[in-house]
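Reviewing the structure listed below.
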Amino acid sequence: MAHKLVIVESPAKARTIGGYLGSGYVVESSIGHIRDLPNNAADTPAKIKDKPWGRLAIDVDNGFEPYYVVPRDKKSHISKLKQLLKDADELYLATDEDREGEAIAWHLLDELKPKGIPVHRMVFHEITKAAIQEAAANPRELDMDLVEAQETRRILDRLYGYEVSPVLWRKVMSGLSAGRVQSVATRLVVDREKERMAFKVASYWDLEGTFDAGSKHDQRMFPAKLHSIDGTRVASGSNFGQDGQLKAKADVVHLDKRRAEDLVAALADTSYDVRSVEAKPYRRSPYAPFRTTTLQQEASRKLGMSASVTMSVAQRLYENGFITYMRTDSTTLSGNAIAAARAQVQELYGAEYLPDAPRTYASKVKNAQEAHEAIRPAGDSFRTPAQTGLTGDQFRLYELIWMRTVASQMKDAVGQSVTIRLGGAAGTGEDVVFSASGRVITFHGFLKAYVEGTDDNAAKDDQETRLPNLQEGDPVSAASLSANGHETKPPARYTEATLIKELEDREIGRPSTYASIIGTILNRGYVYKKGTALVPAWIAFSVVRLLTEHFTRLIDYDFTALMETVLDDIARGEKDRVSELSEFYYGSERLAGLQRLVTELGDIDAKELATFPVLDDDGAESGIDLRVGKYGPYLEGPDDGSGTRVRANVPDDLPPDELTVEKAKELLANPAGEEIDLGVHPETGLQVVAKNGRFGPYVTEVLPEDAPKGAKARTGSLFKSMSLDTVTLDDAVKLISLPRIVGVGEDGEEITAQNGRYGPYLKKGTDSRSLTSEDQIFGITLDEALKIYSQPKQRGRAAAAPPLKELGNDPVSGQPVVVKAGRFGEYVTDGEYNATLRKDDSVESITIERAAELLAERRAKGPAKKAAKKGAKKTAAKKTTAKKSAAKKAPAKKAAAKKS
DNA sequence: CAGTGAGCGAGCTTCCGCTTGACTT
């Protein structure tokens, strides 16, 4: 039977809308984007792989034409949609009405290719029966200008990310990344840390007292603070700047301890009178209903949920029909929602809390796309939290959303704020004024339902301080007075919630990505969490420095906002996508293009980039440098002219702003870190210790201070079977005795056994042979050693690697194909060509057909040996780097994955 | 960053935004 096919983005939405449209309609979802640029080489179609721009999947030479693919996990879904389309007599593309939604609609059209049936673009902002039916009755055309704007955004992000990231691989560390959003987020965290490092603590003092209004007042005692001396204000926290120091223009008295205490003494006999009473009406309007970022902030402040936890809990609430869509930048409530909230206000708080007219909230977000409603309880009447039957996190998050929504339709809170000034004369003749402020809320309004949390210790909106009802001229006495010292505090580190807020304020990122932005910069190792604070790692300093020095425009805080302006122009048909992308990539008279920036890297000095002088409190250089190395951050002591500088590791979890000159000196004084005393060597009498070094744990002798120049401490790596915790003095004595002389060969040359870079081995002159186990170093006899030397050298190597699996014969070469485990992972070989298994292959699942495919691909590239010989040295060096950094990265990723 | 020798298959990392399940731990 023929039907009309409606495609929306979200499955949950499809279910709801299906119910509103009734029979005759089939509502399905696209589940987000259905096509994208290929993610990596494995997903890149063969026909563009070999193009110079194949890696980008954007033909930068021909109008920046993008090459889209349907990701593997979406293929079956696309077939399902195609199947549904076969029996459809009309197609409604009902994706979200924003830039991305318009593009999804176009991708659907382009991929499904409906033949001979009408296609409509249907849009709605509310999911109510009336709104959906009206939308279906009044469809529009696809807005191709808006699609162009989306493609421009997508292409620009790809060019930025996939061109700049490789620069970081070459200059900083393999596997790193750069992007329009993550790099700015990282920069924010790094810049904040730099502010903290430049911060110098200042102290200031003030006076606080408890005053007595006399027995005729109900509220007799009240607190007040010193306000001014002889008409000049006393310095308080707000007079100090971001650097911690008194602002240059501050016309204030800066009290120190002595002056403050002297003043307390001079005020011992002072009586006061009320100089002024200033009352102002206090009025506070409700907060707007939740959008993604405000929900994430409040869930963090009140429920202690991370952004990603908040989103997944909200997702479950959404899927089960408890709340509206949770990825939104809109604070707008539908008419039904306003009515539901108002009904609930009436019911729970009474008519006096209900404003005469419904409240509406305009979006504060500058680049808001408003495709959805605010986040609120779902339905035309709200369920109270108790009525939902929810538990745990879902209950608590629902309650938060429900309260916020209901409160948004309540009356303002009103009251009075009062400032009272008290004056008196000090014994020294100075005129002093104290100030007391109070707030009384006479009608709580929405505050009765919902009070927003605060990030620092700022007063909450419902906080009250009552003052006595004093009049000008009334006498007041001081019950107690004290001098209090304060210190200026550095700007606080970002938390997930405050960083997200900052990004939103700067129009960077979208509701669907805020939580994952945090994930990205954590996973790359740019930042780590210390409690809830985001602390930048030193490698982030290197990356931000490279980007600010060489890609200044791209990491500018305004880059995204400027891009949005251009995209809006494209969406209105006023600018052309190709010329904008061309300017971005190839440059113009006024701008350097990205392509030139990433190819002309000669002046990027990787070493300099990774070096940060450790500065003292006055910002002067100490001669000590922090450097970001392959093994993490380390310190280099001052150059004393000896040619070598003392080095020391910096603990991974030492926040950059805690690396003072004193701390650096302390670390340099004990460069090796912890060492374990094993005792005294029975023969030499020297102390023997175990340490962790560059190549892992090892033992070494401690040479006496009067040891002759040039004397070297003997060392030895621990065997793999040993560990720092369990190694004994006996083990150590044996290890440092190496190499062991096994005997003399037939040619008169000495054969020794030892441990090295590639494991245990025998050495005879320049001829070396691997051993299979570390125990052989001590156990092997001369006869066995001679036997090994009697065999040709190749043998030990080949014998060590039996194939993991035999697959049969290759159809092309006819040779047997086997799977082997190699240095770079598992690979298949037919004896001549080797091909590494790809991400989706495994030893268990691989077939001869797949192996033949891999070998055919490999064969197409020609023999490897010639290529390998070219610039062999350079390649070898690079390989080592890549391998080490990969090895280093793996555990970090695992740890991150475990947490989440 | 302790200091010791070879020779073995390269291939891939990465962006931002839109959506959920299908995975494993």
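Remember, predicted model here, so these are calculated numbers, not experimental data. Residue numbering restarts at 1 for every chain, and letters A, B, ... go by the order of the sequence lines. Atom set for the values below is all heavy atoms of this structure, side chains included, hydrogens, waters and symmetry mates excluded.
Here B:dA10 presents its P atom at 13 Å from CG of A:Leu855, a figure rounded to the nearest Å. Atom-to-atom, NE2 of A:His372 to C1' of B:dG17 comes out at 12 Å; the value is rounded to the nearest Å. Protein atom CG of A:Asp36 is 12 Å distant from nucleotide atom P of B:dG17, rounded to whole Å. Regarding A:Arg154, its CZ atom lies at a distance of 6 Å from the C1' atom of B:dC15, rounded to whole Å. Per the geometry, CD1 belonging to A:Ile155 stands 22 Å off P belonging to B:dT14, to the nearest Å. To the nearest angstrom, C1' of B:dC18 lies 16 Å from CD of A:Glu111. Rounded to a whole Å, the CD1 atom of A:Ile521 is 12 Å from the P atom of B:dC15. Distance OH (A:Tyr761) to C1' (B:dT4): 4 Å, rounded to an integer number of Å.
The side chain of A:Gln182 sits closest to B:dC16 out of B:dT13, B:dT19, B:dC16. Side-chain proximity of A:Asn39 to the nucleotides B:dG5, B:dG9, B:dC15 is greatest for B:dC15. Relative to the side chain of A:Val181, the nucleotides B:dG17, B:dT20, B:dC15 differ in distance, and B:dG17 lies closest. When each of B:dT19, B:dG9, B:dC1 is scored by its nearest atom to the side-chain atoms of A:Arg647, the top-ranked nucleotide is B:dC1. With distances taken from any side-chain atom of A:Asn649 to the nucleotides B:dT20, B:dT14, B:dC1, the minimum falls on B:dC1. Listed nucleotides: B:dT14, B:dT19, B:dG17. Nearest to the side chain of A:Arg153: B:dG17.
For DNA chain B, the neighbouring residues in residues 93-107 of chain A, judged by any heavy atom under 4.0 Å, are A:Asp96, A:Glu100. Non-hydrogen atoms lying under 4.0 Å from DNA chain B are contributed by A:Arg510, A:Ser512, A:Thr513, all within residues 510-519 of chain A.
Residue A:Lys49 qualifies as enclosed at atom NZ: its count of foreign heavy atoms under 6.0 Å is above 12.
Across all strands, A:Gly32 comes closer than 4.0 Å to base atoms (heavy-atom distances). In this structure, A:Ala178 reaches the sugar-phosphate backbone alone: every heavy-atom distance under 4.0 Å involves primed, P, OP1 or OP2 atoms, never a base. In this structure, A:Pro739 reaches neither bases nor backbone, as no heavy-atom distance under 4.0 Å exists between it and the strands shown. Among the atoms of the strands shown, none is found under 4.0 Å from any heavy atom of A:Tyr634. Residue contacts for A:Ser165: at a heavy-atom cut-off of 4.0 Å it reaches a base atom on one of the strands shown. Among the atoms of the strands shown, base atoms are found under 4.0 Å from some heavy atom of A:Arg55. Residue A:Thr700 is classed as having no contact, given no heavy-atom separation below 4.0 Å to the nucleic acid. Note on A:Ser30: nothing from the nucleic acid sits closer than 4.0 angstrom, heavy atoms only. If you check every strand for non-hydrogen atoms under 4.0 Å, A:Tyr160 touches nothing. Residue A:Glu163 is out of contact with every strand shown, counting any heavy-atom pair closer than 4.0 Å. Within the nucleic acid shown, A:Arg158 comes within 4.0 Å of at least one base atom, counting heavy atoms only.
Between the side chain of A:His77 and the main chain of A:Ser29, a donor-acceptor pair closer than 3.5 Å is present.
The salt bridge (charged side-chain N to carboxylate O under 4.0 Å, His left out) search around A:Glu9 returns none, not counting sequence neighbours. Legend: residues meeting side chain to side chain donor-acceptor pair (under 3.5 Å) with A:Arg327, ordered by chain and number and at least two apart, are A:Gln315, A:Tyr325.
Under the 6.0 Å distance and 45° angle rule, A:Arg158 counts as a cation-pi partner of A:Tyr162.
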Note to self: Working note: A:Tyr833 + A:Ser813, criterion side chain to side chain donor-acceptor pair (under 3.5 Å); need CA distance, chi angles, decisive distance, verdict.
What the structure shows: CA-CA 10 Å; A:Tyr833 286 96; A:Ser813 64; over 6 Å; no
Note to self: Test side-chain contact (heavy atoms from CB on, under 4.5 Å) on A:Tyr526 and A:Val543; report intermediate values, then the result.
What the structure shows: CA-CA 9 Å; A:Tyr526 291 148; A:Val543 167; 3.8 Å; yes
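If A:Pro166 and A:Ser717 are placed on DNA chain B by their nearest nucleotide, the residue sitting closer to the 5' end is A:Ser717. When each of A:Gln754 and A:Arg327 is assigned the nucleotide of DNA chain B with its nearest heavy atom, A:Gln754 is the one assigned upstream, toward the 5' end.
Stacking of the aromatic ring of A:Tyr162 onto the base of B:dC15 is not found under the criterion of centres within 5.5 Å and planes under 30°. In this structure, the aromatic ring of A:Tyr833 is not positioned over the six-membered ring of the base of B:dG9 within 5.5 Å between centres and 30° between planes. Stacking of A:Tyr827 onto the six-membered ring of B:dA10 is not present when judged by under 5.5 angstrom between centres and under 30° between planes.
Salt bridge present: A:Lys80 and A:Glu28 bring a charged side-chain N and a carboxylate O closer than 4.0 Å. Using a cutoff of 4.0 Å between basic side-chain nitrogens and carboxylate oxygens, A:Lys764 and A:Glu749 are not scored as salt-bridged. A salt bridge links A:Asp96 to A:Lys13: at least one charged side-chain nitrogen sits closer than 4.0 Å to a carboxylate oxygen. We find that A:Glu163 and A:Arg55 are joined by a salt bridge, their nearest charged nitrogen and carboxylate oxygen being less than 4.0 Å apart.
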Margin query: Dot-bracket, 5' to 3', for DNA chain B please: Watson-Crick or G-U pairs under 3.5 Å, [ ] where pairs cross earlier ones, | where the partner sits on another strand, dots elsewhere.
Written below: .........................
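In this model, the phosphate group of B:dT14 is approached by a side-chain N or O of A:Arg524 to a distance below 4.0 Å at OP1 or OP2.
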Please enumerate all protein N or O atoms sitting under 3.5 Å from an N or O of nucleotides 21-23 of chain B, with distances to 0.1 Å.
none

